Q: 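Input: one structure, supplied below.
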There are 2 protein chains.
Amino acid sequence: MFELIDANVAKHISLTPSELDLFHSMLHLKKLKKKQFLLQGGEVCHFSGFITKGCIKNYILDDKGHEFIMYFAVEDWWVGDISSFFEQKPGTLFIETIEDTELLMLDYHNSEKLFKEIPKFERHFRILIQRSMSTLQQRFFQTLAKPAEERYLEFLKKYPNVAQRVPQQLIASYIGVTPEFLSKVRHKLVKKV
Amino acid sequence: MFELIDANVAKHISLTPSELDLFHSMLHLKKLKKKQFLLQGGEVCHFSGFITKGCIKNYILDDKGHEFIMYFAVEDWWVGDISSFFEQKPGTLFIETIEDTELLMLDYHNSEKLFKEIPKFERHFRILIQRSMSTLQQRFFQTLAKPAEERYLEFLKKYPNVAQRVPQQLIASYIGVTPEFLSKVRHKLVKKV
DNA sequence: GTAAAAAATTAATCTAGATTAAGAAAATCA
DNA sequence: TGATTTTCTTAATCTAGATTAATTTTTTAC
């Protein structure tokens, strides 16, 4: 149950057996069916979730109800609304399962305790957030600077496994175009080859 | 010299006088004239800089040499290429002064030492990065979901002081349009009132 | 196995914003 | 101070991608 998350943490910090036990004791398993919400806009995010099985989408809705996907997450990813979680204020993100999903949940209270008792975790999460930050920066730049076709190919290259698990309309949302336009782009790509 | 940076750090962690001395000893002052580079794409970022005076732009160039501004920074802001800094690998960001600027520089070596000797700093920077992350997330969403006019007004509201210090073409780049189009937007806004 | 729902495609029309080019205004500098 | 550089504006033309709407294909669920 904890193999994946232990390996995840071990990438940046090393823990003693007793620290590991303490960490495990703070987690609880959550199982969700497909199309269920982990979090909805307007709510306070009380958890950081580590996916051990399944796939979710993390998105924002605009006034007209259009989804804008911030990211997909599969096994070995942490999910949550970072700013809502750390400030414990209502956020704007929706988190919804795309497949039946299992997560190890770390709630806010426990995360504060964790940082206090094992400050090394501060480092682990700093590094994770840092990575997300530079990924988002690159993506933001590409969305402004590169045409949809290039962004689509980039997505396939970067997340080949995700690309096979989520419907195309969600990929369209992720790269920032309508499903109709992505369809056109794909058509053009097929002809090219 | 250290008032501003001490207040900045005190927002999230409290330091003893000796910790503060250690911190100060790791910083050095850097003065730059207008239009000078702190960092160029392709270089490794060896510093985190805290601005005590002046203004910089942080941007990426595309293939055609167009600037895409990631953010402006003025007094009381930290600047750097986060991913290049923490991974000590070549990055893509350019950092260039827009005004004569003074910064307190913390180099990579010292920052590692700082985290080791005063782990509380790990927390301070985690919180800063977290904030940048959620700001960037909001901005990314708005750039996809909202029209240029709204983004421009949002910028003026959020950074009124910056708006008065930087030329309009840079604001155009920040909100993700050409200077010509921003000019048009502004013209339309004037007529509206 | 079939009906219903969800996803993907195609095509016509439309538009926000880009591009190109030129001139006007403002800031800088010797 | 005037000359030069930088910034801003205006206008004509163009295009990537949106919108709308209809049709087909695939998936889901009973």
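All values reported here derive from a predicted model rather than from experimental measurement. Chain naming here is simple, since letters A, B, ... match the order of the sequence lines and numbering starts at 1 in each.
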Q: Parallel under 30°, tilted from 30 to 60°, perpendicular over 60°: which one fits the rings of B/Phe94 and B/Tyr59?
A: parallel

Q: Return no unless some side-chain N or O of A/His187 is found under 4.0 Å from OP1 or OP2 of C/dT9.
A: no

Q: State which of C/dT19, D/dT19, C/dG17 makes the closest approach to the side chain of A/Glu180.
A: D/dT19

Q: Rounded to whole Å, please give me the gap between NZ in B/Lys33 and P in C/dC29.
A: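 Going from B/Lys33 (NZ) to C/dC29 (P), I get 10 Å.
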
Q: Nearest whole Å is fine: how far is D/dT15 C1' from B/Phe181 CZ?
A: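 For the pair B/Phe181 CZ and D/dT15 C1', the rounded distance is 14 Å.
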
Q: Of B/Pro179 and B/Lys35, whose closest DNA chain D nucleotide lies nearer the 5' terminus?
A: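 Closer to the 5' end of DNA chain D: B/Lys35.
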
Q: Taking 4.0 Å as the cut-off, does a side-chain nitrogen or oxygen of B/Arg186 come that near to OP1 or OP2 on D/dT9?
A: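 So the side chain of B/Arg186 is within the cut-off, an N or O lying under 4.0 Å from OP1 or OP2 of D/dT9.
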
Q: In whole angstrom, what separates B/Lys188's NZ from D/dC8's P?
A: 20 Å

Q: Which part of the nucleic acid, if any, lies within reach of A/Lys34 when heavy atoms closer than 4.0 Å are counted: base, sugar-phosphate only, or nothing?
A: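 Sugar-phosphate: the residue A/Lys34, judged by heavy atoms under 4.0 Å, touches backbone atoms but no base.
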
Q: Rounded to whole angstrom units, what separation is found between the CD atom of B/Glu99 and the P atom of C/dA27?
A: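 To the nearest whole Å, that distance equals 14 Å.
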
Q: Please check the phosphate of C/dA18 (OP1 and OP2 only) for any side-chain N or O of B/Thr178 closer than 4.0 Å.
A: yes

Q: Compute both the distance and the angle, then confirm whether B/Arg186 meets the cation-pi test with B/Phe181: under 6.0 Å from the six-membered ring centre, within 45 degrees of the axis.
A: no

Q: Is a side-chain N or O of A/Arg165 found less than 3.5 angstrom from the main chain of A/Gly54, in a donor-acceptor match?
A: yes

Q: Salt bridge or not for A/Glu122 and B/Arg126, using N-O below 4.0 Å?
A: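 Yes.
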
Q: For B/Phe85, which of B/Tyr108, B/Trp78, B/Phe47 qualifies under ring pair (Phe, Tyr, Trp, His ring centres under 6.0 Å)?
A: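 When ring pair (Phe, Tyr, Trp, His ring centres under 6.0 Å) is applied between B/Phe85 and each of B/Tyr108, B/Trp78, B/Phe47, only B/Tyr108 qualifies.
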
Q: Do B/Gln138 and A/Ser83 get their side chains close enough for a donor-acceptor pair, meaning under 3.5 Å?
A: no

Q: Would you kindly give the CD-to-P distance between B/Glu150 and C/dG17, to the nearest whole Å?
A: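 Atom CD in B/Glu150 sits about 11 Å away from atom P in C/dG17.
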
Q: Can you tell me the distance, in whole Å, between the CD atom of A/Glu67 and the P atom of D/dA18?
A: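 Taking atom P of D/dA18 as the reference, CD of A/Glu67 is at 15 Å.
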
Q: Atom NZ of A/Lys146 to atom C1' of D/dG17: distance rounded to whole Å?
A: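 Rounding to the nearest Å, NZ of A/Lys146 and C1' of D/dG17 are 19 Å apart.
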
Q: Salt bridge check, A/Glu75 against A/Lys53: does any charged N sit closer than 4.0 Å to a carboxylate O?
A: no

Q: Rounding to a whole Å, what distance do you find between B/Lys184:NZ and C/dA18:P?
A: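 From B/Lys184 NZ to C/dA18 P: 10 Å.
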
Q: Closer than 4.0 Å, any side-chain N/O of A/Arg151 to the OP1 or OP2 of D/dG17?
A: yes

Q: Under 4.0 Å from any atom of DNA chain D, heavy atoms only: list the residues of residues 152-172 of chain A that qualify, in numerical order.
A: none

